[in-house]
Amino acid sequence: MDFGLSEEQVLLVDGARRYVEQTSDYEARRKAVDSGEAYGAARWQQFAELGWLALALPERHGGLGGSAVDYALLVEALGAGLMLEPLVPVAAAAMALVTAGGAGDLPSAVAEGSARPVLAHGEPGSGGLLTFVESRAERSAAGWRLTGAKSLVLGGAAATHYLVSARTSGDKADDAGISLFLVPADHAALGRRDVRLTDDSVGAHLAFTGLDLPDAALLGPESGGLPALREGMAWLQLGLHAEALGAMDKALWTTRDYVRTRRQFGTELSTFQAVQHGLADMAMETELSRSMLLRLLSVFDGDSAERDRTLAAAKAQFGRSGFFVGAQAVQLHGGIGMADEYLIGMIFKRLLLLRNLHGGPDMALGQLTQD
Amino acid sequence: MDFGLSEEQVLLVDGARRYVEQTSDYEARRKAVDSGEAYGAARWQQFAELGWLALALPERHGGLGGSAVDYALLVEALGAGLMLEPLVPVAAAAMALVTAGGAGDLPSAVAEGSARPVLAHGEPGSGGLLTFVESRAERSAAGWRLTGAKSLVLGGAAATHYLVSARTSGDKADDAGISLFLVPADHAALGRRDVRLTDDSVGAHLAFTGLDLPDAALLGPESGGLPALREGMAWLQLGLHAEALGAMDKALWTTRDYVRTRRQFGTELSTFQAVQHGLADMAMETELSRSMLLRLLSVFDGDSAERDRTLAAAKAQFGRSGFFVGAQAVQLHGGIGMADEYLIGMIFKRLLLLRNLHGGPDMALGQLTQD
Amino acid sequence: MTDLSRDPADERFRNEVRAFLEDNLPPEMARRNRQGYHASRSDTREWTRILHARGWSAPNWPVEHGGTGWTLAQQAIFDEECTAAGAPLLDIFGLSMVGPLIYTYGTDDLKARILPPFLRGEISWAQGFSEPNAGSDLGSLQTRAVLDGDDYVINGRKIWTSGAHEATMIFFLVRTGEGTRNGLTMLIVDARQPGIAIRPIDDIRKEHSLNEVILDDVRTPVANRIGEEGKGWGYAKALLENERAFAAEIPRNRNHLALLRRIARGTMRAGRPLIEDPVFAARIAEAEVEFMALEFLALRAMSDTDGSGPSFGSFLKVRGSELVQRLTQLQVEALGDHGAYLYSEQAHMAGQPQPAPGPEFAPGVWSEAMYRRASSIYGGANEIQRTLIAKQYLDL
Amino acid sequence: MTDLSRDPADERFRNEVRAFLEDNLPPEMARRNRQGYHASRSDTREWTRILHARGWSAPNWPVEHGGTGWTLAQQAIFDEECTAAGAPLLDIFGLSMVGPLIYTYGTDDLKARILPPFLRGEISWAQGFSEPNAGSDLGSLQTRAVLDGDDYVINGRKIWTSGAHEATMIFFLVRTGEGTRNGLTMLIVDARQPGIAIRPIDDIRKEHSLNEVILDDVRTPVANRIGEEGKGWGYAKALLENERAFAAEIPRNRNHLALLRRIARGTMRAGRPLIEDPVFAARIAEAEVEFMALEFLALRAMSDTDGSGPSFGSFLKVRGSELVQRLTQLQVEALGDHGAYLYSEQAHMAGQPQPAPGPEFAPGVWSEAMYRRASSIYGGANEIQRTLIAKQYLDL
């Protein structure tokens, strides 16, 4: 194995880092949040121009054909800026669309920045079990009729389309019987509630009460949507972990810098062994998480049992490490760690949200015990 | 509540502490272990003369009628000396005998020091589930015929009698159907293997392959042995926790004294914050365990659901704290903590053994979740 | 251990408290305070007035200063029942911190002016200790008071001052001389006067509870000094130790444990109630074990009325704060997707619909979990408590 | 990241190693070494001889010094396969510690005298660093060597010297001058000579692996000095860092994880296999997650052949030792009652019946768990590693 970056990767990462430094100060983020907007439309256009929205898409869909590694490097760099834009949810939905096929030019529109589909898969009771789908789609005169609810749709308030999983056959946790449907965000009968999340981003909660869709809304084979769904959720998790890594790294070095300058009891905080060891533990958790992400990337190409296992392990690792690093950063900062205006609290809230997503680390551990 | 000691209790504890200081140095313990003997017969006679074997037994059985609190205080003091003698297993069996009735003068003989019955209840697969009994007793011409095996019989090598649980009806984990039998240690047909345990004490592994017993060997009601068994196991756990507390306390203050004198990098170990905080954690675990033991004592009198719950909680608490305190004591001692000749290793081994007894802390947590 | 059993008189007392709460706690106030959000000052003042009518507004004070004279066991029972019923927290800055200092070290004049209105719910307190360059380290405080006639004139900045924007009085620790241990003085200051500028600091929940307080030639009469000039360090230490003795937060942790169970029972996870997941159930059980031990450690600390035993204040602070953090974190985890939705404190307080969907127990859970991250920071961070244990308990 | 995929050549190499082990590892030796007990020196020497015939007795050395010249990936595969097959550990004191120092800093004469017989399995090493008053702190060593003609004359005491009683040579760090960093020298000493008294120290398992070594006018020629006089501190540091790079003990931890699963599958707990207990299964899964991350951290550290990246040696030491302790502790727990029975290493090694009943996987488990408590102590205790991370990685 070779863990060194290629020249192109160095350029990609440097570009993203520079963008974050120049545009993503935390005061700007706070203003964006306070303005109530779901994402920055101008920033999204910049993402498109920088090629970031096209990065991992295949060339036949207007993409750059970059690897999962390229994608993870980009997202990690952006993660340090705690972006509010749904780059990761949209990229994940685009990869699911590519796998499912049949949505026309939608992936190309993603690459250009004009479409923002996101996955609407999790349900209030699914708790991260991939095959747990209670929403149902039934044949109707017009095509399909959708009933059910989807919770915590990441990027849901900024989306142009929802890629909705619904059961066309089988029982609620069966592997077979899940189909994917494309629902435009402006569908008149869609019960949509935009919800501010605890990390300041805006998601959505969707309700379908007999929502009518045309035949063409079904993507991929009827009752055979699981592979595309699995692909999309794998990209979603990969991206969220890479974002978390960028945030953890930022928390680590910000805390390091803080304890070097902050004085207590007549000396710098950094001279206390308890503080040093607390930071050493943060460093170890961060680098172990980075190692787990690399492990995931080494098996990421292609749907496989080993990828699923490593996805579960990464979920458990990031859940534990992310929470630890965030909480420890708050603790070592003291009062300022508790203030809304300061980035450390923002990072902690983001890492806590990510930890508990998709059933949390316990659900992931449960998946690892099944072998 | 009043946590202060009565005058009698102060005398009792002082006496036991003095006994430990005068007789239980660790070199003596090591010699006793190396000699291969299962317990110190002379010491046992001293225990009897000091009234310790009679302490908690009712007066009608030749006992002193002391309370569970008195008993716990005595055992904690002796626990600091890591006694090899089976005072706790014998006391527990005696209390079970008192509850079951029907063993003639055996409790009085315990009080005098001439009999040493112990409970033989756990089986290789029972993992601490109280009602899990696969050993069976069937009616025979002579009385009863016993088949099965009992593992990790504490005090088993020094015992004069075994108080054996066996099923006379019901299925392996049923509440009803358990009976208690008294088996003399010198029974010719008893398959007994004395086994050195990892804490240097000697236990026994018993096998019954159609062992014949007279009618009178049945203690208490047929298939109704559970209350006496429960009482005996409760006293056993109480005693083991009290012993563990004494050992933890000893490990804490011994480590405190060690780091005060041991020098590294030009100064006492005690001046390093990591060492100070490690000891502070040991102190907190020790005092929380003491608090849990007091909580257990506050509900100990009489069989009750609250006592069972607190027994499970105490098992979980002592398992976690005992292991932590022992391992941390070894760590802070460095090399000397790994030497057989030094008491810290002995304490750690004892605490590890107690932690994993009866299914370990996870079994106890499982019991707490059932409500 | 003459007696580890429970006193039957205590159980009678518990019934008396319960009956009182049933008759006197306004249901709407209980609704507001039963979830994770914190009591408003107006609820606290109103509740203090109600308690005062029964003579119960200072449960932990001696009778001669207007308190109840209750035993520590009775105080614990009272706290427990009030918390369970959803009564708002009382003003602990006044009750547990500055109040005892006033009746112990204050002049008769100061006692007469301050204590009765506080007991009637007419004063809200804030505590002004921390400064931008002094958190757990009070020795480096720089806000300075200079005597000018019968007044002290105070200049400086305080930070992380909880509730300063709603307080009517603030007790400050300020510098009146040099040196760490003899240069500090404790002063009571009217919060509503020119010269005091209060800058809100939104906290991690995006709520306004913290403040920066800028003092610009603020005057307070010498008669508002607590005890002697230059002895503030000693008073502050006594106050923080008193705070720590209650830091195990037994009533709060008991309530959090119950709420955690309620959430786990009411939340479906992949087709079954979360409480039936053995791994999550074991995590709850671990927290319960911790609580059961901690409760008895707190009882031991409280029963040591003559201070002859070792001081467990720092033990209780460290483990109580770690437990409240663990329990609230488990609650957020148990909520699943609803732990990621931001619910509104204002909507809850006003009884209006929430902006996010979710079960009735969801609002307030995340907010409380965030707020409790401060439990291991304030009153001397847990790192400092561990050092105190090493020095005081272990004599290192 | 030009390439995160596995090299197919590595898989071919793995097959080659496997075939070699199948043909050459004596089954009785494998039986002895497959459980927790440690390889005897005679097994290690015999296995070294067998490997030497194939040119593999120094997997981590360059070709010019008699090593294999393997890549780090190949070395990892070799370790992994050998451990899984039950091959005894090689002499890491020689292979990873003193050997590289000799071929890097030693004279041609020293290399010629020492390296070839070591590669043939004719030398067993021990390491004499720690002293009664110097554990992790090498700066305070007091054992002293004085030049007398062509010899050094050494006097002093070393302690915790693993395997000294079976060693033929010992490398000592001794004092030849004042000061911490310039006063120490590294000397090779024939272990079997008058003046060296070896006092056995039974360890926590009641086994003899540790020793105290008393040096009374022990002579060793100047030609046995490694590198320059007064530079021993630098050599010792390089050696300990090299040790830490392998401290994650990936092959050992992988084996321990597999053994843990085997025990959990083979142990009944209240009527069902322990592995079906969701709580215990989650504990195994947590350890596996830790292992999966740690393995890739070790790969990253090993792939950094030019040392341009950050040093992860202390990371690997801390987490590798914590993991091996966790895994072995879980194994003992999983054994249930059989984790409390004392099995005999001598009986195991001799293939005789055990004094205690139990399943075939029980002997050696507790012994290894006890021995591994030292993993967080030797080579610089974990507390010191955390301080090193703060200083070196975080630049504090």
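Every chain is numbered from 1 and lettered A, B, ... according to where its sequence line falls, protein lines coming before strand lines.
Below 4.5 Å, heavy atoms of chain D meet heavy atoms from B/Glu123, B/Pro124, B/Gly125, B/Ser126, B/Gly127, B/Leu129, all part of residues 120-130 of chain B.
Taking 4.5 Å as the limit, every side-chain heavy atom of B/Thr198 sits out of range of all side-chain heavy atoms of D/Met370. Considering only heavy atoms from C-beta on, B/Ile336 comes within 4.5 Å of D/Trp160 through its side chain. D/Asp203 places none of its side-chain heavy atoms less than 4.5 Å from the side chain of B/Asp340. Looking only at side-chain heavy atoms (C-beta outward), B/Arg263 and D/Asn133 stay at 4.5 Å or farther from each other.
Partners of D/Thr143 according to the side-chain hydrogen bond (donor to acceptor under 3.5 Å, both in side chains) rule, which considers only residues two or more places apart in sequence or in another chain, are D/Glu131. Applying the salt bridge (charged side-chain N to carboxylate O under 4.0 Å, His left out) rule to D/Glu333 yields the partners B/Arg355; only residues at least two apart in sequence or on another chain are considered. Taking D/Arg199 as the reference, D/Glu212 meet the salt bridge (charged side-chain N to carboxylate O under 4.0 Å, His left out) condition, with sequence neighbours excluded.
Only the backbone of D/Pro355 comes within contact range of chain B, with at least one heavy atom under 4.5 Å from a heavy atom of that chain. Using a 4.5 Å cut-off between heavy atoms, D/Ser376 contacts chain B through both its backbone and its side chain.
Most heavy-atom pairs under 4.5 Å with chain D, from the set B/Lys172, B/Glu341, B/Lys349: that is B/Lys349. Counting heavy-atom pairs closer than 4.5 Å to chain D, the top residue among B/Glu134, B/Gln264, B/Arg196 is B/Gln264.
Between B/Asp362 and D/Arg283, at least one side-chain N (NZ, or NE/NH1/NH2) sits under 4.0 Å from a carboxylate O, which counts as a salt bridge.
For the residue pair B/Val195 and D/Ala356, the shortest heavy atom distance occurs at CG1-CB, 3.5 Å.
Once rounded to the nearest 0.5 Å, the distance linking CG of D/Leu342 with CG of B/Asp200 reads 8.0 Å.
Although no hydrogens or angles enter the test, the distance criterion places no donor-acceptor pair under 3.5 Å between the side chain of D/Tyr378 and the main chain of B/Gly334.
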